[in-house]
2 protein chains.
Amino acid sequence: MTAAQADAAQNTFRALADPTRRDILRLLGNRDMTIAEVSDSFDMTRAAVKKHLTVLSDGGLITVRTEGRTRINALDPQGFAPVLGWLEYFDDFWDDRLLALKSALERNQP
Amino acid sequence: MTAAQADAAQNTFRALADPTRRDILRLLGNRDMTIAEVSDSFDMTRAAVKKHLTVLSDGGLITVRTEGRTRINALDPQGFAPVLGWLEYFDDFWDDRLLALKSALERNQP
DNA sequence: TTGACATGATACCTTTTGGTATCTATTAAA
DNA sequence: TTTAATAGATACCAAAAGGTATCATGTCAA
């Protein structure tokens, strides 16, 4: 792994470490949103949400496009690649029992 | 997702957010190790490594067993389940192009 | 052009995090 | 039974993280 790739992975892992940011990603999985729209879902100031969006952008997990005076935040699924790549190192350890557990967890999620 | 599951996921994501801890997991993927053995691979005190191991244990990513006066740290692959489960929420977004990218990343990793 | 709206930027505060230094407890061996 | 090795616990420190408040900037509309 190159140094740049390692940094990218670090930014991505860091972005995923905060529960608010993970919730934001789920929101953006439903539809693109402005900062104001994202902020409506959280009990914090827009400035705080903006900081989270910046971290998510640094992690490559979202992209932002400007439309007039609004800025639209969109999920970027490719941003997950560094994490998936890192996790694959452990593929040998994931047996059928673990995959079953993973599926069970998935079914319990909203 | 229950509150307990959410907490477990948080502890796991937090454990993965630090590059030293991700390196420790890779080390333990090769073989089980004592704290002293893990410490040999890093330029920091055993106390610092011990803290990282505690965070990894809180995240469910390693288990510890006592043998005489040594404590053996071992990778626990089941600890990845909350992360894999969370990531699966985005499965719909992972198209062939992304999977190809993921494979490319994997090939470049040591 | 004025005014309202959507956002960005900065300063500041508190808590958490990653680290060291130091002390204590337990276990194996001479 | 000393003595050395392995590890846990605690206090402490600097830096980073998450948050608020405030001000500046750009854009649309009357």
Side-chain angles (χ1 to χ4, degrees), chain A residues 6-28 31-75 79 83, chain B residues 6-28 31-76 83:
Chain A
D7 289 346
Q10 175 53 26
N11 285 340
T12 308
F13 274 108
R14 176 168 102 80
L16 291 177
D18 184 272
T20 298
R21 288 195 288 267
R22 293 198 301 278
D23 288 344
I24 290 175
L25 289 177
R26 288 209 168 192
L27 273 181
L28 296 180
R31 64 178 180 84
D32 298 353
M33 289 187 181
T34 65
I35 290 190
E37 288 171 329
V38 174
S39 299
D40 287 343
S41 292
F42 298 94
D43 187 22
M44 64 182 71
T45 63
R46 274 199 311 275
V49 170
K50 161 65 176 164
K51 281 193 181 182
H52 284 306
L53 290 172
T54 299
V55 174
L56 287 169
S57 178
D58 290 346
L61 291 163
I62 65 170
T63 57
V64 188
R65 66 178 186 276
T66 301
E67 287 187 5
R69 64 181 161 185
T70 72
R71 305 198 66 187
I72 314 292
N73 301 273
L75 182 69
V83 171
Chain B
D7 289 346
Q10 174 54 25
N11 284 341
T12 309
F13 273 108
R14 174 169 105 78
L16 292 176
D18 184 90
T20 298
R21 288 195 288 267
R22 293 198 301 278
D23 289 344
I24 291 176
L25 289 177
R26 287 210 170 193
L27 274 181
L28 296 180
R31 64 179 180 85
D32 298 354
M33 289 186 179
T34 64
I35 290 189
E37 288 172 328
V38 174
S39 299
D40 287 343
S41 293
F42 298 94
D43 188 22
M44 63 182 71
T45 63
R46 275 199 311 275
V49 170
K50 161 65 177 165
K51 281 194 181 182
H52 284 306
L53 290 172
T54 299
V55 174
L56 287 169
S57 178
D58 290 345
L61 290 163
I62 66 170
T63 56
V64 189
R65 67 177 186 276
T66 301
E67 286 187 5
R69 65 180 162 187
T70 71
R71 305 198 65 186
I72 314 292
N73 301 274
L75 182 70
D76 185 358
V83 171

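What you see below is based on every heavy atom in this structure, not just the backbone, and it leaves out hydrogens, waters and symmetry mates. So you know, we letter chains A, B, ... as the sequences are listed, proteins then strands, and number each from 1.
Rounded to 10°, the helix from C:dT1-D:dA30 to C:dA30-D:dT1 has 20° between the axis fitted to its first five pairs and the one fitted to its last five.
Taking a cutoff of 4.0 Å between a charged side-chain nitrogen and a carboxylate oxygen, B:Asp18 and A:Arg14 do not qualify as a salt bridge.
For the pair A:Thr45 and D:dG19, the criterion of a side-chain N or O lying under 4.0 Å from OP1 or OP2 is not met.
The CG atom of B:Asp18 sits 11 Å away from the P atom of D:dA17 (whole-angstrom rounding).
When each of A:Arg14 and A:Ala48 is assigned the nucleotide of DNA chain D bearing its nearest heavy atom, the one mapping closer to the 5' terminus is A:Arg14. Each of B:Ile72 and A:Met44 was assigned the nucleotide of DNA chain D with the nearest heavy atom; the assignment lying further toward the 5' end belongs to B:Ile72.
Counting heavy atoms from C-beta on, the side chains of B:Val64 and B:Ile72 never come closer than 4.5 Å. You'll find the side chain of B:Leu16 reaches within 4.5 Å of the side chain of B:Leu61, heavy atoms only. Residues A:Leu25 and A:Ile62 form a side-chain contact, since some pair of their non-hydrogen atoms from C-beta on lies under 4.5 Å apart.
Note that CZ of A:Arg46 is 9.0 Å distant from CG of A:Asp40, once rounded to the nearest 0.5 Å. Atom CG of B:Asp58 and atom OG1 of B:Thr12 lie 9.5 Å apart (nearest 0.5 Å).
Checking D:dA7, D:dG18, D:dA21 against the side-chain heavy atoms of A:Ala47 singles out D:dA21 as nearest.
Listed by residue number, A:Lys51, A:His52 are the residues of residues 51-66 of chain A with a heavy-atom contact under 4.0 Å to DNA chain D. DNA chain C lies under 4.0 Å from no heavy atom of any residue of residues 32-41 of chain B.
Contacts between chain B and DNA chain C, taken as any atom within less than 4.0 angstrom of a protein heavy atom, begin and end at C:dT17 to C:dA28.
Listed by chain and number, the residues in a side chain to side chain donor-acceptor pair (under 3.5 Å) with A:Asp23 amount to none (sequence neighbours excluded).
Between the A:Ser57 side chain and the A:Leu53 main chain, no donor and acceptor come within less than 3.5 Å of each other.
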- Item | Base versus backbone protein contacts along nucleotides 24-30 of chain D [heavy-atom cut-off under 4.0 Å; B, S, -] | ---BB--

